[in-house]
Asks: 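Take a look at this one; I'll ask things after.
The analysis underlying the following values was restricted to heavy atoms, covering all of them including side chains, and did not include hydrogens, waters or symmetry mates. Below, chains carry the letters A, B, ... as their sequence lines are ordered, and counting in each starts from 1.
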Amino acid sequence: MSDRKNPYPFEQFEPKWQAIWDKEKTFKVSNPGEPGFDASKKKCYILDMFPYPSGAGLHVGHPEGYTATDIVSRYRRMNGYNVLHPMGWDSFGLPAEQYAIKTGQHPAITTQANIDNFRRQLKMLGFSYDWDREIATTDPRYVKWTQWIFLRLYNSYYDTEQQKARPVSELEARGWSREQIDAVRLAYVADGMVNWSPDMGTVLANEEAEEWKSKGFTVERRKLRQWMLRITAYAERLIDDLEPLDWPESIKMLQRNWIGKSRGAEVNFTCGEHTITVYTTRPDTLYGATYMVLSPEHELVPAITTPEQKEAVDAYRKACAAKSDLERTDLAKEKTGCFTGAYATNPVNGKQIPVWIADYVLTGYGTGAIMAVPAHDSRDYEFAEKFGLPIIQVVQPDDPGTPWRDFVGYNGTMVNSEHLNGLSVTEAKAKMIAWLEEKHYGAGKVNYKLRDWLFSRQRYWGEPFPVLWDNETGHHCALPETELPLLQPEMEDFKPSGDPRGPLVKATGWIHYSDRYTRETNTMPQWAGSCWYYLRYLDPTNDNAFVGKEAEAYWMGGNGKPGGVDLYVGGTEHAVLHLLYARFWHKVLYDYGLVSTPEPFNKLVNQGLILGEDGQKMSKSRGNVVNPDDIVREYGADSIRLYEMFMGPLKEVKPWATKGVEGISRFLARVWRVAMTETQEGTWALSGKVTDEDNGEVTPVRKELHKTIKKVTEDIESMSFNTAISKMMECTNAMTAATKVCLTDYVTLLHLLNPFAPHITEELYSLLQAQYPALPAGGLCTQTWPAFNPEYLVENMREIVVQVNGKLRDKVQLPVDADRETAEAAALAAPKVQDFIAGKTIRKVVVVPGRLVNIVAG
RNA sequence: GCCGACUUGGCGGAAUUGGUAGACGCGCUCGACUCAAAAUCGAGUUCGAAAGAGUGUGGGUUCGAGUCCCACAGUCGGUACCA
């Protein structure tokens with residue numbers, strides 16, 4: 001504690017009000033059918049991205065988004081909504097486990113301690129969460145339903161006719177074999193090249209690998225058998241349904257790019273007795289294909305390689321396999337490759353073209369094979385130049401200055417392409433696809449960059465897969481739902497051992513389910529819990545369903561409007577991970593009618609990053625991290641809340657400035673001192689400046705107040721909190737300057753400020769209530785949001801700007817309803833204007849009524 | 001490389017449909033109160049002595065451009081051989 005006396009006694013009343021809200025459950029909201037539910041009110045679901053409870057506690061980025069949603073939540077409540085505003089913990093995850101391993105403590109213990117600390121910090125900031133709905137993804141009652149949803153995925157396939165998930169039992173009924181069914185499940189097992197981190201002893205999703213690499217962990221490619229989720233089945237819907245969402249355009253763009261839809265064609269080339277299928281987005285350039293490239297891992301490589309080339313090909317494939325992901329991408333500037341000795345036939349002209357292998361062709365995308373058109377593809381061009389392969393022009397750029405070599409644009413005309421000659425690229429593309437389909441050489445095809453989601457981890461601190469393996473048949477099957485939740489076994493040693501099956505294999509008693517069945521030892525990634533947490537808040541204690549029907553329909557239902565979460569605020573870092581995964585899971589649940597809307601989050605807002613005082617990203621190593629605990633101790637919770645909203649627009653990146661918090665603290669102190677004065681003894685008492693005498697006069701303060709009501713209301717709606725605060729500052733300054741302030745005016749200002757700074761406003765209101773019993777009972781936060789009186793905003797006279805040749809020269813006062821002639825005459829008569837137009841001819845006079853007059857003279 | 005966002009005083013940032021650039025706050029300067037300081041209150045603060053010039057740079061549209069159009073530069077974020 002500093003020895004400086006606080007400018008207002010927040011250290012006394014902030015904890016007091018927090019205790020009151022806690023005890024009275026002020027912000028508890030009931031579900032339909034529960035006592036206290038008010039069906040006459042509209043619903044509003046305002047959601048924060050729940051935190052991962054790390055050992056470091058809150059950083060200043062958390063209160064930024066959380067204050068924004070808290071302001072909107074409190075504002076909506078005062079406007080008569082049933083507001084669902086919950087908080088919980090994304091408490092599974094690698095950091096907790098890494099920390100547990102380091103300290104030798106069980107992750108359950110450290111996680112619980114971290115949650116307790118996070119909860120303390122959030123309560124210290126006065127957020128209006130309904131704490132009765134608190135959830136943690138590690139809670140067995142939550143794990144049960146995460147596993148239940150997984151089993152739903154496991155027991156589903158994607159019906160491409162109906163475009164939705166259906167139960168695999170349908171396929172059984174149609175006589176599908178066990179193997180056939182396993183091959184189409186939405187949760188399936190596959191061998192594949194995966195990102196394996198030896199440091200952490202686990203595999204990682206493509207989406208995560210980079211993040212961990214940047215934290216200094218090694219990640220390498222390794223062929224392992226893993227659980228996958230078939231998110232690719234939803235690629236089309238994940239793109240299409242993005243369109244109507246009220247999300248930042250940049251986030252939609254990131255998701256679209258990540259899904260990476262492209263249209264083109266698959267074309268069959270014959271190569272001896274084999275057929276090699278390539279995928280191309282430029283079938284129009286088929287006549288320019290001068291060679292073909294397979295990925296080194298392509299299954300036909302051994303079959304087509306000639307004996308003379310076998311040694312070289314094997315060596316090249318071996319070299320590629322040894323390369324890490326990093327080498328394959330970062331050093332990829334220089335193209336490498338190897339001729340297989342084989343030739344393929346180009347179906348359009350029967351030409352024989354050499355077949356190469358090169359690692360610039362990826363196994364996982366398209367068919368893992370391409371036709372190379374070096375004239376019109378930069379990568380093929382580079383490769384052809386290096387290995388001396390022929391380059392044939394088939395597109396002539398429309399812009400005469402552009403050379404045709406390495407021309408990859410679409411604004412060109414076909415040449416050297418027989419029946420395509422003279423067509424535009426776009427026309428030729430369509431014509432070639434039709435031609436290929438007619439001749440059965442290929443077909444139009446849509447491709448996605450999105451890969452299936454690698455869903456298993458070899459870690460202890462995650463949900464175990466509710467899956468059993470049959471020791472006799474080697475098949476997997478679902479654990480009966482009645483046995484959920486399946487929790488991890490108690491283990492002394494849960495360190496990764498390097499065994500790709502994960503640490504759970506060491507729990508020999510646990511994995512032995514019966515003589516016939518063995519448990520799956522993989523666990524789910526942290527994303528599993530965060531994929532559906534927003535649904536659990538709706539009905540957090542339901543043990544019969546992941547969410548009750550009625551609760552889901554009420555809080556997520558649209559009633560004609562889009563529905564879903566009404567406002568979701570969080571950082572951009574989840575643009576393609578959590579926000580894509582959650583949409584995927586939601587769609588599966590939607591296909592089964594288990595949720596009401598096709599999309600979970602109707603409106604998304606990204607708060608901007610808060611940088612350190614030095615303008616750099618906050619980090620321990622830079623030593624520029626600001627701890628909310630310290631700020632609250634020095635300046636109070638209201639000050640940090642208000643400051644973070646005042647720094648600038650919510651969405652922008654902005655640097656922290658502790659001096660700015662001081663300024664905000666001074667503002668709150670001014671609000672305090674409008675009503676309060678310090679006594680001889682150094683305590684605070686009502687000053688008498690705020691008085692219930694009111695003759696109904698529309699004073700300048702009252703006018704300012706009503707302008708403020710209008711501005712703050714509009715600004716909260718548009719989430720422009722910084723300008724709302726500056727307007728309240730102006731209003732407060734007007735009240736400070738006045739000798740007397742009407743009680744109702746002052747209380748109205750407290751209403752406006754309450755969502756931003758709930759503690760000080762409640763305290764002042766309760767002090768005034770004690771003095772003036774006529775004031776409505778109860779806290780400000782339960783009262784109605786003020787409305788402005790439009791009559792108070794009407795001005796009789798208005799200042800009109802007078803310009804000469806576009807430059808401001810004078811101002812004149814005119815009645816608001818002055819006509820053009822009056823305005824023009826007044827402008828021309830203005831003394832300073834006279835000086836500037838002296839000796840000049842007036843060519844034109846532009847009058848914008850109520851704003852300005854511009855005199856054009858020369 | 002590609003995609004996206006951004007660029008306004010010493011600093012964070014304000015500016016309806018194009019119509020007074022710099023609201024509000026920080027910092028700074030001066031003053032009041034005080035033995036003194038802190039706190040508080042008041043005045044001033046884009047640059048320039050002035051004419052004037054000013055919203056990243058260069059052009060354009062317009063009576064009038066921070067705002068619209070074209071070109072370029074810089075900063076930040078995403079992505080990275082996706083055929």
Asks: Let me check something: any side-chain donor-acceptor pairs from residues 802-809 of chain A under 3.5 Å, sequence neighbours excluded? List them with distances.
Replies:
| from | atom 1 | to | atom 2 | distance (Å) |
| --- | --- | --- | --- | --- |
| N805(A) | OD1 | A857(A) | N | 2.9 |
| N805(A) | ND2 | A857(A) | O | 3.0 |

Asks: Does the structure show a Watson-Crick or G-U wobble partner for G42(B), both distances under 3.5 Å? Name it, or say none.
Replies: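 Its partner is C30(B).
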Asks: Whole Å only: how far is the CD atom of E678(A) from the P atom of A39(B)?
Replies: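 To the nearest whole Å, that distance equals 14 Å.
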Asks: To the side chain of K654(A), which of G13(B), G78(B), C81(B) is closest?
Replies: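 That would be G13(B).
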Asks: Are K711(A) and T723(A) close enough that some pair of their side-chain heavy atoms sits under 4.5 Å apart?
Replies: yes
Asks: Whether T736(A) contacts C41(B) is assessed here as follows: a side-chain N or O lying under 4.0 Å from the phosphate OP1 or OP2. Is that the case?
Replies: no
Asks: Which part of the nucleic acid, if any, lies within contact of V653(A), taking any heavy atom under 4.0 Å across all strands shown: a base, the sugar-phosphate backbone alone, or nothing?
Replies: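 Sugar-phosphate contact only.
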Asks: So what does L254(A) touch, heavy atoms closer than 4.0 Å: a base, only the sugar-phosphate, or nothing?
Replies: sugar-phosphate
Asks: Any strand counts, and the cut-off is 3.5 Å on both contacts for Watson-Crick or G-U wobble. Which nucleotide pairs with G54(B)?
Replies: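 Matched G54(B) with nothing under the 3.5 Å cut-off.
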Asks: Is there a side-chain polar atom (N or O) of R673(A) under 4.0 Å from OP1 or OP2 of C41(B)?
Replies: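 True: R673(A) side-chain N/O within range (under 4.0 Å) of C41(B) OP1/OP2.
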Asks: Please confirm whether the ring centroid of F387(A) lies under 6.0 Å from the ring centroid of W356(A).
Replies: yes
Asks: Toward the 5' end of RNA chain B, which comes first, I370(A) or G806(A), by nearest nucleotide?
Replies: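 The residue mapped nearer the 5' terminus is G806(A).
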Asks: Rounded to whole Å, how long is the line connecting atom NZ of K449(A) with atom P of C3(B)?
Replies: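 The distance from NZ of K449(A) to P of C3(B) comes to 12 Å, rounded to the nearest Å.
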Asks: Can K335(A) be said to sit on top of Y360(A)'s aromatic six-ring, NZ or CZ under 6.0 Å from centre and within 45° of the ring axis?
Replies: yes
Asks: Under 3.5 Å, is there a donor on one side chain and an acceptor on the other for Q616(A) and N624(A)?
Replies: no
Asks: Whole angstrom is fine here: how far is it from CG in L808(A) over to P in G54(B)?
Replies: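 My rounded result for the distance is 15 Å.
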Asks: Give the nucleotide from the list C63(B), A83(B), G4(B) with an atom nearest to the side chain of M253(A).
Replies: G4(B)
Asks: Looking only at atom C1', what distance separates C47(B) and A21(B), rounded to whole Å?
Replies: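 Each nucleotide's C1' atom is 14 Å from the other's.
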Asks: Searching all strands shown, indicate the nucleotide that pairs with A49(B) (Watson-Crick or G-U wobble; both distances under 3.5 Å).
Replies: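 Pair assignment: A49(B) / none.
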Asks: Encode nucleotides 22-29 of chain B as B, S and - characters from 5' to 3', where the letter depends on protein heavy atoms closer than 4.0 Å: B to the base, S only to sugar-phosphate, - to neither.
Replies: -BBSSS--
Asks: Could you tell me the separation between the CG atom of L450(A) and the P atom of A80(B), rounded to a whole number of Å?
Replies: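 Value for this atom pair: 13 Å.
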Asks: Mind checking the C1' distance from U75(B) to U57(B)? Whole angstroms is fine.
Replies: 15 Å
Asks: Suppose you measure atom C1' in C33(B) against the same atom in C41(B); what distance do you get, rounded to whole Å?
Replies: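 So the two C1' atoms sit 9 Å from each other.
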Asks: Measure distances between side-chain N and O atoms of R851(A) and base N and O atoms of U16(B), and say whether any donor-acceptor pair falls under 3.5 Å.
Replies: yes
Asks: Are any side-chain N or O atoms of E644(A) and backbone N or O atoms of T67(A), one a donor and one an acceptor, separated by less than 3.5 Å?
Replies: no
Asks: Looking only at atom P, what distance separates G66(B) and U7(B), rounded to whole Å?
Replies: 14 Å
Asks: Taking the side chain as every heavy atom from C-beta outward, state whether T658(A) and Y635(A) have any pair of such atoms under 4.5 Å apart.
Replies: yes
Asks: Mark yes or no: R641(A) above the aromatic ring of F721(A), with NZ or CZ under 6.0 Å from the six-membered ring centre and no more than 45 degrees from the axis.
Replies: no
Asks: Taking U61(B) as the reference, what is the distance to A23(B) when you measure between their P atoms (whole Å, please)?
Replies: 33 Å
Asks: Which pair of heavy atoms, one from G366(A) and one from Y279(A), lies closest together, and at what distance?
Replies: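 In this case the closest contact between G366(A) and Y279(A) is CA-CB, 4.1 Å.
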Asks: Could you tell me how far G56(B) sits from A80(B) if I compare only their C1' atoms? Round to whole Å.
Replies: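 It comes out at 29 Å once rounded to the nearest Å.
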Asks: In whole angstrom, what separates E249(A)'s CD from C3(B)'s P?
Replies: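 After rounding, the reported distance stands at 16 Å.
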Asks: Find the partner of G77(B): check Watson-Crick (N1-N3 plus N6-O4 or O6-N4) and G-U wobble (N1-O2, O6-N3) distances, both under 3.5 Å, and reply none if neither fits.
Replies: C3(B)
Asks: Under 4.0 Å between a side-chain N/O of K811(A) and OP1 or OP2 of U20(B), yes or no?
Replies: no
Asks: Closest-nucleotide mapping onto RNA chain B: is S262(A) or A669(A) further toward the 5' terminus? I mean the 5' end.
Replies: A669(A)
Asks: Does G66(B) have a Watson-Crick or wobble partner in any strand here, with both distances under 3.5 angstrom, and which is it?
Replies: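 By the stated definition (distances under 3.5 Å), nothing pairs with G66(B).
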Asks: Whole Å only: how far is the CG atom of L609(A) from the C1' atom of C6(B)?
Replies: 15 Å
Asks: With a non-hydrogen cut-off below 4.0 angstrom, is V846(A) in contact with a base, only sugar-phosphate, or nothing?
Replies: base
Asks: Write down the distance separating the P atoms in U46(B) and A65(B), rounded off to the nearest Å.
Replies: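 Nearest-Å result for U46(B) against A65(B) at atom P: 22 Å.
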Asks: If pairing requires Watson-Crick or G-U wobble contacts with both distances under 3.5 Å, which nucleotide is the partner of G25(B)?
Replies: C11(B)
Asks: When only distance counts, do a donor and an acceptor, one from the side chain of E799(A) and one from the base of U20(B), lie under 3.5 Å apart?
Replies: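 By the distance-only test, yes, there is a pair.
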Asks: For G9(B), does the glycosidic angle fall within 90° of 0 (syn) or outside that (anti)?
Replies: syn
Asks: Among side-chain atoms of T275(A) and N268(A), is any donor-acceptor pair under 3.5 angstrom?
Replies: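 Side-chain D/A pair, T275(A) to N268(A): absent.
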Asks: Rounding to a whole Å, what distance do you find between D614(A):CG and C11(B):C1'?
Replies: 14 Å
Asks: With C1' as the reference atom in both, quote the distance from U62(B) to G12(B) in angstrom, rounded to an integer.
Replies: 33 Å
Asks: Could you give the CD-to-C1' distance, from E573(A) to C76(B), as a whole number of Å?
Replies: 16 Å
